[in-house]
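Values below: all heavy atoms of this structure, side chains included; hydrogens, waters and symmetry mates excluded. All values reported here derive from a predicted model rather than from experimental measurement. Every chain is numbered from 1, with letters handed out A, B, ... down the list of sequences.
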Amino acid sequence: MEREVRVRFAPSPTGALHIGGVRTALYNYLFAKKTNGKFIIRIEDTDQTRYVEGAEEYIMKSLEWLGITPDESPLIGGDCKPYRQSERKPMYKQYAMQLIEEGKAYYAFDTAEELDAMRQRLEKAKVKNPSYNAVTRTQMKNSLTLPADEVKARLESGEPYVIRIKIPKKEEIRLNDLIRGWVMVHSSTLDDKVLMKSDGMPTYHLANVVDDYLMKITHVIRGEEWLPSAPLHVLLYQYLGWENVMPRFAHLPLLLNPDGKGKLSKRKAKEYGFPVFPLEWKEIDENSKEEIWLPGYKEQGYLPEALLNFLALLGWSPGTNQEIFGIDEMIENFSLERINKAGVKFDIDKAKWFNQQYLRTKSNAELAQYLQAGLKENNVLSAPLTSEKAEKIAELMKERATFPQDFWKEALYLFQTPTEYNEALQQKWTPEVAQVLQEYLKELQNTTIDWNAEEIKHLLHQITDQLQIKIGKVMAAIRIVITGVTAGPDLMMIQEIIGKEELLQRIKNGLAQFHTTTA
RNA sequence: GGCCCGUUCGUCUAGGGGUUAGGACGCAUCCCUUUCACGGAUGAAACACGGGUUCGAUUCCCGUACGGGCUACCA
């Protein structure tokens with residue numbers, strides 16, 4: 001019988017959730033949904049020294065923001081609870097004991113200094129791969145070298161110990177990775193990894209195998225950095241007699257820095273000017289020891305659906321030319337087989353493009369909300385705009401926005417009278433410009449036209465026609481006078497929005513500015 | 001160093017024994033336009049290298065180079 005698909009995302013609460021982790025979570029989620037399986041979140045907090053306050057909460061919040069919702073998690077529980085390894089601590093020891101009894105693992109009493117000394121000795125002797133292995137374990141303090149009664153005495157006296165796996169001397173370990181095909185490793189290149197630490201906690205290797213077994217995980221989808229230890233995990237499944245329910249493995253290509261040097265790092269991301277975390281995060285800087293604030297994708301204005309779409313295509317391709325995928329379409333098209341093998345360089349420009357695409361699909365009413373929020377948060381206006389006006393502005397700015405904040409940042413002149421003018425005004429300013437503006441000012445003061453872009457345009461054309469001036473000759477300068485800048489949306493709409501009184505004021509300011517700067 | 005994984009335009013990728021090697025981002029030029037943007041059109045731009053196998057390899061195999069990962073009582 002086919003087992004129900006169960007996959008897990010297993011982050012470690014040692015800091016904020018990395019964007020690479022987000023992609024891993026996404027792929028797990030997509031695969032689970034595609035196969036009508038379950039997506040589980042398990043917190044891997046076996047290293048108590050690296051625990052970071054708030055990290056777990058951060059991870060859960062980030063996934064929530066992105067809409068990657070688990071079927072089972074520490075928060076919502078599930079049949080396989082608890083979902084924090086620290087809370088599962090009592091469950092691991094018995095499996096380690098089972099291995100010891102079967103001669104597949106052993107106690108080791110070596111101190112950190114002794115291990116260090118061993119490595120140095122081996123390095124001096126030019127041993128290729130200094131490690132605790134089939135050869136060296138015969139020279140160390142462990143239950144394989146020490147007499148049984150001494151081992152017993154040491155254990156009873158409460159002396160610290162670890163439990164190590166006994167790697168077979170000569171054995172080919174193979175695993176059939178869903179993305180990479182057959183991977184073969186010789187056991188002689190593996191070392192006797194610690195399974196149980198001296199603090200009584202399991203290491204990742206044991207905990208992950210035991211938990212995946214107990215949680216009936218069918219597919220392990222994780223980053224490529226785990227590939228080297230995958231054979232060890234396979235061996236553990238064999239040792240524990242769980243080979244028949246061993247999950248399939250899929251090792252994802254890593255997200256690399258834009259320059260291709262190393263896996264995507266916080267430092268490089270900062271250098272290239274993009275976030276590595278989904279949400280804002282505060283941490284202590286390693287060098288300055290000061291608290292620093294790192295904005296996340298959310299704070300920078302990325303929409304979750306756009307970020308997900310971008311991430312999905314980093315290493316996976318549907319095989320068609322389609323690039324814009326809603327989450328349901330991603331699920332529909334997703335398959336592990338279509339994931340690439342090679343590492344992926346991070347290209348924030350593409351992420352921006354996705355954001356722009358998604359932003360444009362939003363309604364004016366929704367976009368108006370971004371505008372209102374931005375204006376309020378940044379104290380641009382004392383009172384909110386009417387929704388009619390806000391939507392008008394949203395409509396006007398829609399085609400030129402990449403981020404929600406662009407709706408007000410790129411259109412500040414709609415709310416504030418310009419105080420400086422782009423230097424291009426000097427060059428563009430001609431006698432014709434002054435003539436048109438003066439005439440325009442006069443006409444505006446007397447006119448009773450309906451105040452809308454259409455009528456304004458008509459009026460302006462009338463004036464230039466009368467003066468026999470080509471409107472194209474003066475528009476650039478007029479734009480700067482009205483907005484302060486050289487580029488922007490339709491100038492007639494801008495005039496409609498700012499209103500007649502404001503427009504009069506700005507024209508007066510412009511004319512005055514010209515005289516003072518050229519006198 | 002050792003072990004493992006990888007390599008198609010600058011980037012993300014499609015493709016696959018015979019193709020004008022396709023798309024997207026970015027870039028450039030042009031069109032639209034009161035400017036910018038949007039949109040449209042066009043263009044520059046890739047099979048890492050060397051050996052095989054083959055009538056024919058970018059595609060299959062082997063090397064080399066280059067890149068990445070791992071190499072803890074961290075995950």
Of [range], the positions that come close to RNA chain B - non-hydrogen atoms, cut-off under 4.0 Å:
{"range": "residues 456-486 of chain A", "result": "A:Met475, A:Arg479, A:Thr486"}
{"range": "residues 19-27 of chain A", "result": "none"}
{"range": "residues 227-234 of chain A", "result": "A:Leu227, A:Pro228"}

Write down the distance separating the [atom1] atoms in [N] and [M], rounded off to the nearest Å.
{"N": "B:U11", "M": "B:G67", "atom1": "P", "result": "14 Å"}
{"N": "B:A48", "M": "B:C9", "atom1": "C1'", "result": "14 Å"}
{"N": "B:G18", "M": "B:C31", "atom1": "C1'", "result": "39 Å"}
{"N": "B:A45", "M": "B:A28", "atom1": "C1'", "result": "11 Å"}
{"N": "B:G39", "M": "B:U58", "atom1": "P", "result": "38 Å"}
{"N": "B:C5", "M": "B:G22", "atom1": "P", "result": "33 Å"}
{"N": "B:U19", "M": "B:U35", "atom1": "C1'", "result": "44 Å"}
{"N": "B:U7", "M": "B:U59", "atom1": "C1'", "result": "14 Å"}

Rounded to the Å, how far apart are A:Asp47 CG and B:C74 P?
6 Å
A:Ile173 atom CD1 is separated from B:C4 atom P, nearest whole Å, by 12 Å
Protein within reach of the bases, or only the backbone? For nucleotides 7-14 of chain B, mark each nucleotide 5' to 3' as B, S or -, using heavy atoms under 4.0 Å.
S---SSSS
Per-nucleotide protein contact string for nucleotides 38-46 of chain B (B base, S sugar-phosphate only, - none; heavy atom under 4.0 Å)
SS-------
Complement of [N], any strand, by Watson-Crick or G-U distances under 3.5 angstrom:
{"N": "B:A57", "result": "none"}
{"N": "B:C25", "result": "B:G10"}
{"N": "B:G39", "result": "B:C31"}
{"N": "B:A48", "result": "B:U64"}

What about A:Arg50: does its side chain form a donor-acceptor pair under 3.5 Å with the base of B:C74?
yes
Looking at B:C73, does its base get a donor-acceptor pair with the side chain of A:Ser198 below 3.5 Å?
yes
Heavy-atom distance under 4.5 Å between the side chains of A:Glu225 and A:Leu254, does that happen here?
yes
pair A:Tyr297-A:Ile19: side-chain heavy atoms closer than 4.5 Å:
yes
Just distance, no hydrogens or angles: give the donor-acceptor pairs under 3.5 Å from side chains in residues 457-469 of chain A, sequence neighbours left out.
{"from": "A:His461", "atom 1": "ND1", "to": "A:Lys457", "atom 2": "O", "distance (Å)": "3.0"}
{"from": "A:Thr464", "atom 1": "OG1", "to": "A:Leu460", "atom 2": "O", "distance (Å)": "3.3"}
{"from": "A:Thr464", "atom 1": "OG1", "to": "A:His461", "atom 2": "O", "distance (Å)": "3.0"}

Using distance only, find each side-chain donor-acceptor pair of residues 315-324 of chain A under 3.5 Å and give its atom names and separation, not counting sequence neighbours.
{"from": "A:Ser317", "atom 1": "OG", "to": "A:Gly319", "atom 2": "N", "distance (Å)": "3.1"}
{"from": "A:Thr320", "atom 1": "OG1", "to": "A:Gln322", "atom 2": "N", "distance (Å)": "3.3"}
{"from": "A:Gln322", "atom 1": "NE2", "to": "A:Ile324", "atom 2": "O", "distance (Å)": "2.9"}
{"from": "A:Gln322", "atom 1": "NE2", "to": "A:Glu329", "atom 2": "OE2", "distance (Å)": "3.1"}

Using a strict cut-off of less than 4.0 Å between a Lys/Arg side-chain nitrogen and an Asp/Glu carboxylate oxygen, indicate whether A:Lys141 and A:Glu159 qualify as a salt bridge.
no
Would you classify [X] as touching base, sugar-phosphate or nothing, given that sugar-phosphate means primed atoms plus P, OP1 and OP2, and contacts are heavy atoms under 4.0 Å?
{"X": "A:Lys352", "answer": "nothing"}
{"X": "A:Asp110", "answer": "base"}
{"X": "A:Ser131", "answer": "nothing"}
{"X": "A:Lys193", "answer": "nothing"}
{"X": "A:Pro489", "answer": "base"}

Can you name the ring-ring contact (aromatic ring centres under 6.0 Å, His included) partners of [X], sequence neighbours left out?
{"X": "A:Tyr370", "result": "none"}
{"X": "A:Tyr213", "result": "A:Trp242"}
{"X": "A:Tyr27", "result": "A:Phe334"}

Does the side chain of [X] get closer than 4.0 angstrom to OP1 or OP2 of [N] through an N or O atom?
{"X": "A:Thr203", "N": "B:A72", "value": "no"}
{"X": "A:Arg164", "N": "B:C73", "value": "yes"}
{"X": "A:Lys398", "N": "B:A37", "value": "no"}

Tell me, please, whether A:Phe109 has A:Arg154 positioned over its six-membered ring: NZ or CZ under 6.0 Å from the ring centre and within 45 degrees of its axis?
yes
Do A:Arg164 and A:Tyr132 form a cation-pi contact, if we require the NZ or CZ to be under 6.0 Å from the six-membered ring centre and within 45 degrees of the ring's axis?
yes
Pairs touching residues 157-212 of chain A that satisfy ring-ring contact (aromatic ring centres under 6.0 Å, His included), sequence neighbours left out:
A:Tyr107-A:Tyr161, A:Tyr204-A:Trp226, A:Tyr204-A:His233, A:His205-A:His233
Closest listed nucleotide, where the reference is the side chain of A:Leu256 and the choices are B:U35, B:G2, B:G68:
B:G68
Look at the aromatic rings of A:Phe277 and A:Trp281 and report parallel, tilted or perpendicular, splitting at 30° and 60°.
perpendicular
Could I get the full list of side chain to side chain donor-acceptor pair (under 3.5 Å) partners for A:Glu44, not counting sequence neighbours?
A:Arg42, A:Gln85
